[in-house]
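Everything numeric in this text was worked out from a predicted model, so none of it was measured. Both counts, for ligands and for their atoms, begin at 1 and track the order of listing.
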Amino acid sequence: MEDINEQLAAQNLNLAIEQIEFFTIGGGRPVNRIHQQEFRWVANDERRLADGENITYLVDQSDGATTSGLTSAQTEAAIDRALDTWQGEKCLEKVDLIKRADTGADPDIFDAFFDFGGFGDPFLADIVNTGWLPRAFFEAVGGPGGGRGILAFSVTFIFTDDDDNPTDINGDNYLDSALNEVYYNDTFGDPADDRAGNPWGINVALPGIDVETVALHENGHSLELGHFGPQPAAVMNPVYAGIRHTPLASDHAGMCAVWGSWPQ
Ligand SMILES: [Zn+2]
């Protein structure tokens, strides 16, 4: 990640990667994080073309189909349900999660650093569900075994100033989130792979992997929740444990801690 941040600094984009959170099956992986300080979205932040006090999201349809046989329409609908679930949280009542249409433009940038995609437009939406990418990408990002163990991950970028220091423009003592991207691992259900027995599906029990459950977890990170647990049970537990479409007590508490005072 330090290498990537050096590349970003050289391009004068005023962006830096801050954190990657891995959602795994069969044993957790640590968070990959740069600073000790947490980050938050800033309402009305013109740098990310904010939609006022709303948070926007986009589902990239070009990589939405899975090798396990799901169509892009199926995975998009499951991701939309996950966002709807978070929208229903009491402490998000002052925030509207607005879906932006996929125009066909490349909406993501993180994959470009690993040569798994182009460097797209980072500000088409605050949160981009980028789709299903191959095992080698997850191996490259997560290290040895990552391609087999990581179901998905969420990566958050923050804004930096012209000296490459993180910013806090609203003085809330949090670094300023710039964009968030969610990547899903297409290894699961690939007949040619040793994860063939864990196919992505819709409302499927283990050993299948339920798209909505993973999307709910990942977009929880996009809304700036960290991991909890492994106990008590929560959407934000770091290891996949089967279908979970309903946030639990620590998820509610986490959302209230982040969003209760929105907008700052
Ligand atoms: Zn996670």
One thing to verify: whether Asp193 and Arg135 come together as a salt bridge, which I'm taking to mean a side-chain N less than 4.0 angstrom from a carboxylate O. yes

Sequence neighbours excluded, the answer for ring-ring contact (aromatic ring centres under 6.0 Å, His included) partners of Tyr174 is none

- request: Answer yes or no: is there an ion pair linking Glu76 with Lys99, defined by an N-O contact shorter than 4.0 Å?
  value: yes

Counting only protein N, O or S atoms and ignoring waters, those under 2.8 Å from the Zn ion (ligand 1) are His217 NE2, His221 NE2, His227 NE2

Without placing hydrogens or testing angles, list every side-chain donor-acceptor pair under 3.5 Å for residues 195-210, not counting sequence neighbours.
from	atom 1	to	atom 2	distance (Å)
Arg195	NE	Arg148	O	2.9
Arg195	NH1	Asn198	OD1	3.1
Arg195	NH2	Arg148	O	3.2
Asn198	ND2	Pro207	O	2.8
Trp200	NE1	Asn185	O	2.7
Asp210	OD1	Asn203	N	2.6
Asp210	OD2	Thr213	N	3.0
Asp210	OD2	Thr213	OG1	2.6
Asp210	OD2	His245	NE2	2.6

How about Glu89 and Gln87: does a side-chain donor come under 3.5 Å of a side-chain acceptor? no

With sequence neighbours left out, the residues meeting ring-ring contact (aromatic ring centres under 6.0 Å, His included) with Phe153 are Phe22, Phe110, Phe137, Phe138, Tyr183

